[in-house]
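What follows is a set of notes on a single structure, which appears directly below.
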Amino acid sequence: MITTNKPVKPASLAVTNLVFIGRSIRHSLRNTEALLMAIMLPVMLMLLFTYVFGGAIDSSGDYVNYVVPGIILLCAGFGSSSTAVDVSNDMTNGIIDRFRTMPIASLSVVTGHVVASLIRNLFATGVVLGVALLVGFRPTGSLVDWILAIAVITLFILTFTWLFAAIGLVAGSPSAASGYGFALLFLPYLSSAFVPTDTMPTWLRGVANHQPITPVIETIRGLLTGTPLDNSPWWAVGWCLLILAVAFIWSISSFRKKAGRR
Amino acid sequence: MNQMAIEVSNLRKNFGKQIVLNGINLSVPAGTVFALLGPNGAGKTTLIHILSTLITPDEGKVRVGGYDVLTQQDQVKQTISLTGQFAAVDEVLSAEENLIMIGRLSGLTTAESRQRTVELLKAFDLVDAAKKKVKTYSGGMRRRLDLAISLVVSRPVIFLDEPTTGLDTISRRALWEIIKQLAKNGMTVFLTTQYLEEADQLADRIGVINGGRIVAVGSSEELKSHVGGEVIELLNADDEVIHTIPTSGSIEDISRTLNELVRSVPVGTRVNIRRPSMDDVFVAFTSNAKETMHA
């Protein structure tokens with residue numbers, strides 16, 4: 001039978017989201033290069049910073065305890081940047097027209113990519129921590145500290161992923177999306193991720209101390225290794241929520257705008 | 001009850017300064033096949049995008065299934081399915097996964113989606129490739145899958161935007177058979193095409209669109225007769241048409257025309273009498289030519 005006469009009620013928002021999350025996870029698992037990269041990159045970076053740069057940056061041999069939060073964020077940044085390409089791919093392909101003409105919340109196609117990115121990156125974070133422990137990372141945090149640290153990391157990944165999703169929605173093509181996203185990936189280097197900011201020239205120190213990545217790094221570092229937290233957690237959460245809100249609203253409005261233009 | 005599946009009046013759409021649709025009036029009775037015929041850039045896809053709620057009209061009333069595309073989008077979306085110009089399939093997934101995904105999104109349960117998927121894979125001759133990634137499919141297979149996806153649940157109105165563009169003859173004919181079957185099952189089919197033969201074969205009524213306006217509407221017979229009655233074609237030794245002359249078809253008119261011509265044409269010229277083709281219709285309505293003569 002080509003046609004069917006069965007009347008159906010439209011899918012609920014929950015089902016729609018679940019279906020799109022499942023789709024994006026399938027996409028992630030089938031994109032073997034990206035998946036391999038998501039696992040290899042944390043391992044390579046961890047080893048690189050511990051054994052190659054570590055000795056020069058901090059000769060006491062304790063650098064691994066300093067650098068772990070930075071590598072977690074660097075990997076999360078890289079990992080979530082592929083969301084821009086995934087979203088842009090969908091938006092420039094005919095499939096988005098099909099989703100848009102169905103009686104569903106079609107923005108869920110983006111939500112699917114965001115959730116898949118969250119899962120991918122939490123997994124990558126686990127890999128970073130695993131390798132870190134193997135090469136001498138000795139965290140001192142309590143269980144509560146760990147839970148809070150993971151919550152902050154999750155919030156950070158979510159924030160960056162939505163930002164990349166917005167970039168993917170705005171970009172005219174997947175390769176443009178990849179290009180715009182690349183610029184953001186330099187932010188962790190201009191923070192306290194790899195070296196303390198007071199080793200930087202004054203003008204750069206100002207930038208590094210007041211950009212969103214530094215408080216996030218300091219919060220994770222403080223929770224896991226007991227360095228002073230000061231106001232960092234508030235700044236970290238505040239920055240993330242602000243960027244998340246902007247990225248989310250930007251995503252929704254560019255998704256709608258694209259609908260009217262094409 | 002609404003007898004018109006699609007009603008468009010005075011529809012206008014601009015993209016910036018460019019006028020894409022310049023006052024479209026159109027109605028398609030439920031259960032019929034309507035073909036929108038026109039050259040590239042005539043506004044076919046824009047019209048389909050407006051009818052399927054993808055873009056909004058600047059001016060005019062547009063109703064699909066009796067629902068307004070601006071104020072009743074959800075109801076319109078439950079009435080239609082769209083098969084766009086570029087196969088709207090997920091290339092990373094298999095045919096089976098694509099169909100199940102759309103089934104779930106359409107509100108079927110997983111079990112119902114699976115069952116429907118089996119039916120559609122069979123009906124569209126995709127059983128062998130069901131588990132392969134769509135990336136590996138040929139153009140014809142993609143189009144078939146695309147159409148199958150549009151039919152996962154039954155929507156009374158289906159839009160097909162250039163359904164056979166880029167397909168080989170065999171795939172095209174296979175797709176035509178499917179479209180004819182849809183019509184037989186009572187669906188309203190609205191398709192766009194650049195191919196005259198396609199419109200001729202499939203449509204109950206044909207609209208010719210050019211420069212953002214519908215320049216003619218009617219059955220293929222009506223359009224052909226509008227262009228003129230029968231024509232006398234003069235063919236050279238290579239079977240190329242060298243002259244086309246309208247005729248009433250009566251023996252007096254034909255013999256008089258031929259008597260006038262016999263001295264002025266090369267030796268060996270042959271004569272063919274035929275009804276106007278869709279080509280003539282197309283040329284007549286899309287160019288400003290006053291006559292259908294061509295060298």
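First the proteins, then the strands, lettered A, B, ... as listed; each starts at 1. In what follows, every heavy atom counts, from backbone to side chain, and hydrogens, waters and symmetry copies are set aside.
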Does any heavy atom of chain A fall under 4.5 Å from the side chain of B:T45, the backbone, both, or neither of them? neither
With a 4.5 angstrom heavy-atom cut-off, which part of B:V76 approaches chain A: side chain, backbone, both or neither? neither
Examine A:R100 relative to A:F255 and say whether NZ or CZ is less than 6.0 Å from the centre of the six-membered ring and inside a 45° cone about the ring axis. yes
B:K13 and B:E59: CA distance, side-chain angles, deciding distance, salt bridge (Lys or Arg N to Asp or Glu O under 4.0 Å) verdict: CA-CA 7 Å; B:K13 179 74 187 177; B:E59 214 180 291; over 6 Å; no
Chain A: which of B:I80, B:L151, B:I149, B:I178 shares the most heavy-atom pairs with it under 4.5 Å? B:I149
Criterion side-chain contact (heavy atoms from CB on, under 4.5 Å) against A:M102, the qualifying member of B:I102, B:L82, B:V153: B:I102
Could you check which of B:S106, B:S52, B:G84 has the highest count of heavy-atom pairs closer than 4.5 Å to chain A? B:S106
Between B:Q73 and chain A, with a heavy-atom cut-off of 4.5 Å, which part of the residue counts as in contact: side chain, backbone, both or neither? neither
Heavy-atom pairs under 4.5 Å with chain A are the metric here; pick the option from B:G186, B:G107, B:A88 that has the most. B:A88
Flag for A:T83-A:D86: side-chain donor and acceptor within less than 3.5 Å: no
Which atoms of B:Q181 come close to chain A, meaning under 4.5 Å heavy atom to heavy atom: side chain ones, backbone ones, both, or neither? side chain
Parallel, tilted or perpendicular: which describes the rings of A:F49 and A:F194, with under 30° parallel and over 60° perpendicular? parallel
When the 4.5 angstrom heavy-atom criterion is applied to B:K122 and chain A, the contacting part is neither
Lys/Arg N to Asp/Glu carboxylate O, B:R12 vs B:D58, below 4.0 Å: no
Among B:D74, B:V89, B:I100, B:L182, which residue has the highest count of heavy-atom pairs closer than 4.5 Å to chain A? B:V89
Under 30°, 30 to 60°, or over 60°: which ring-plane class applies to B:F34 and B:F190, parallel, tilted or perpendicular? parallel
